[in-house]
Amino acid sequence: MTPPHGLFIVLEGIDGTGKSTQAKQLAQWFREQGREVIASREPTDGPWGTKIRATAATGRLSPEEELDYFLRDRREHVEQLIAPALAAGKVVILDRYYFSTMAYQGSRGVDPAEIRRLNEAFAPVPDVLFILDLEVETALTRIGGRGDTANEFEKQESLAKCREVFLTLAGEPFVHVIPSDEKPEAVQDRLRQLAAEFL
Ligand SMILES: Nc1ncnc2c1ncn2[C@@H]1O[C@H](COP(=O)(O)OP(=O)(O)OP(=O)(O)O)[C@@H](O)[C@H]1O
Ligand SMILES: Cc1cn([C@H]2C[C@H](O)[C@@H](COP(=O)(O)O)O2)c(=O)[nH]c1=O
């Protein structure tokens, strides 16, 4: 019996919109539907992702250096995890991908279209992109409520620019903008409703 077609789902949005919360619940739901799931995140916990995460506290690299590190991290992620899992017919659910690069390094002056071109030269386009959308002020309040202080990636003005870049993707056929100012359960219900089309 041939394995089911791999399914590639990405969750995006500015910090604090609920990506991690929703990704975990969506992964659990797919497992309950009998699918094998690989859940991951970017930046990864690999060497390049670890270097990037450290800069959230120590101070950001230049936009060009950040882009280089994210591309290196993503090449390893695609080669070592994403592509093999999809080839094996698994469901891959990512908490962030190259659309965050378009938003966060794009908001620092690197052309988002060029960022997309560089990434899509090696990174597969997802079957579904869920963009969790939320007012920046609310997102920052949630980050505070999580017990975190805003880090170098979470400045109000830059998050507003990131949000704008994410929303430029809204018209594309594989993109769904999901308001995340509702209760977590309501947001998850919407994701499952849309994901059910791919079962
Ligand atoms: N719909 C919601 N309503 C209220 N609070 C929420 C909702 N979804 C998540 N939260 C809470 O908001 C905080 C941020 O959620 P979460 O960590 O999932 O966001 P995130 O998008 O992954 O953030 P980051 O990008 O910074 O990792 C957490 O404390 C979480 O419990
Ligand atoms: C993939 C990716 C991420 N970032 C930024 C966005 C976040 O502020 C941090 C860490 O992500 P987390 O969701 O808080 O774990 O990294 C980025 O600038 N560019 C990217 O490509």
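Worth knowing before you read on, the calculation uses all heavy atoms, side chains too, and leaves out hydrogens, waters and symmetry mates. In each ligand, atom 1 is the first atom listed, and ligand 1 is the first ligand listed.
Side chains of Arg96 and Leu11 form no contact here, defined as non-hydrogen atoms less than 4.5 Å apart. Arg142 is listed as a side-chain neighbour of Leu134, based on a closest heavy-atom distance under 4.5 Å. Side-chain contact check for Ile82 versus Pro124: some heavy-atom pair is nearer than 4.5 Å. Contact of the Phe130 side chain with the Leu26 side chain is registered, since non-hydrogen atoms from C-beta on lie closer than 4.5 Å. Side-chain contact between Arg60 and Glu65 is absent, with no heavy-atom pair separated by less than 4.5 Å. The closest side-chain heavy-atom distance from Asn119 to Leu71 is below 4.5 Å.
The 12-atom threshold is exceeded at CD of Glu32, counting heavy atoms of other residues, nucleotides or ligands nearer than 6.0 Å.
Residue, atom and distance of the protein heavy atom nearest to atom 12 (P) of ligand 2 are Arg96 NE, 3.7 Å. Looking from atom 21 (O) of ligand 1 to the surrounding protein, the closest heavy atom is Lys19 NZ, 2.6 Å. Among protein heavy atoms, atom 19 (O) of ligand 1 sits closest to Gly18 N, 3.1 Å. Shortest contact from atom 31 (O) of ligand 1 to any protein heavy atom: Thr21 OG1, 4.3 Å. Closest to atom 5 (C) of ligand 2, if we only count protein heavy atoms, is Phe153 CD2, 3.7 Å. For atom 22 (O) of ligand 1, the closest non-hydrogen atom of the protein is Ser20 OG, 2.7 Å. In terms of protein heavy-atom proximity, atom 1 (N) of ligand 1 is closest to Glu182 O, 2.8 Å. Counting protein heavy atoms only, atom 16 (O) of ligand 2 is closest to Pro43 CD, 3.9 Å. From the protein, the heavy atom lying nearest to atom 24 (P) of ligand 1 is Arg146 NH1, 3.6 Å.
A chain of hydrophobic side-chain contacts below 4.5 Å, direct or via other Ile, Leu, Val, Met, Phe, Trp or Tyr residues, connects Trp29 to Ile93. Ile14 and Val110 fall within a single hydrophobic cluster, where Ile, Leu, Val, Met, Phe, Trp and Tyr are joined by side-chain heavy atoms under 4.5 Å apart, directly or via other members.
Listed by number with element, the atoms of ligand 2 under 4.0 angstrom from any heavy atom of Arg74 are 1 (C), 21 (O). Every atom of ligand 2 with a heavy atom of Glu42 under 4.0 Å away is listed here by number and element: 1 (C). Heavy-atom proximity to Lys183, at under 4.0 Å, picks out these atoms of ligand 1: 1 (N). Residue Gln105 has at least one heavy-atom neighbour below 4.0 Å for each of these atoms of ligand 2: 17 (C), 18 (O), 19 (N), 20 (C), 21 (O). Close contacts between ligand 2 and Asp15 involve ligand atoms 7 (C), 8 (O), 14 (O) [criterion: under 4.0 Å to a heavy atom]. For ligand 1 and Ser180, the ligand atoms under 4.0 Å from any heavy atom of the residue are 1 (N). Close approach of ligand 1 to Arg96 (heavy-atom distance below 4.0 Å) involves ligand atoms 25 (O).
Look at Gly13 and you'll find every heavy atom at least 4.0 Å from all atoms of ligand 1. The shell of residues lying under 4.0 angstrom from ligand 2, judged by heavy atoms, includes Arg53. Within the structure, the closest approach of Thr17 to ligand 1 falls below 4.0 Å when heavy atoms are considered. Residue contacts with ligand 1: Gln22 is excluded, as none of its non-hydrogen atoms falls under 4.0 Å. Residue contacts with ligand 1 include Pro184, since one or more of its heavy atoms lies under 4.0 Å from the ligand. Remark: distances from the non-hydrogen atoms of Met102 to ligand 2 are all 4.0 Å or more.
Looking at Tyr104, Phe70, Tyr98 and measuring to atom 20 (C) of ligand 2, the nearest heavy atom belongs to Phe70. For atom 11 (C) of ligand 1, the nearest non-hydrogen atom from the set Glu12, Arg142, Lys24 belongs to Arg142.
Between the Lys19 side chain and the Leu132 main chain, no donor and acceptor come within less than 3.5 Å of each other.
Residue Gly13 comes nearest to Phe166 through the heavy atom pair C-CE1, 3.5 Å, listed as atom of the first residue, atom of the second, then distance.
Contacts of Thr101 with ligand 2, taken as heavy-atom pairs under 4.0 Å, involve both backbone and side chain.
A salt bridge does not link Arg72 to Glu42: none of the charged nitrogens lies less than 4.0 Å from a carboxylate oxygen.
In this structure, Arg75 satisfies the cation-pi test against Phe122, with its NZ or CZ atom closer than 6.0 Å to the six-membered ring centre and inside 45 degrees of the ring normal.
Defined by atom type and a distance below 3.5 Å, a donor-acceptor pair is missing between the side-chain atoms of Arg31 and Gln28.
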Tabulate below the donor-acceptor pairs under 3.5 Å that side-chain atoms of residues 173-184 make, not counting sequence neighbours, or state none.
residue: Ser180; atom: OG; partner: Thr17; partner atom: O; Å: 3.1
residue: Ser180; atom: OG; partner: Asp133; partner atom: O; Å: 3.4

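For ligand 1, none of its N or O atoms has an N or O atom of Gly145 under 3.5 Å away. Ligand 1 has no nitrogen or oxygen under 3.5 angstrom from a nitrogen or oxygen of Val187.
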**OP:** Evaluate the side-chain contact (heavy atoms from CB on, under 4.5 Å) criterion for residues Leu118 and Leu67: first the C-alpha distance (whole Å), next the side-chain angles of each, then the deciding distance (0.1 Å), finally the verdict.
**Re:** CA-CA 10 Å; Leu118 289 170; Leu67 175 60; 4.3 Å; yes
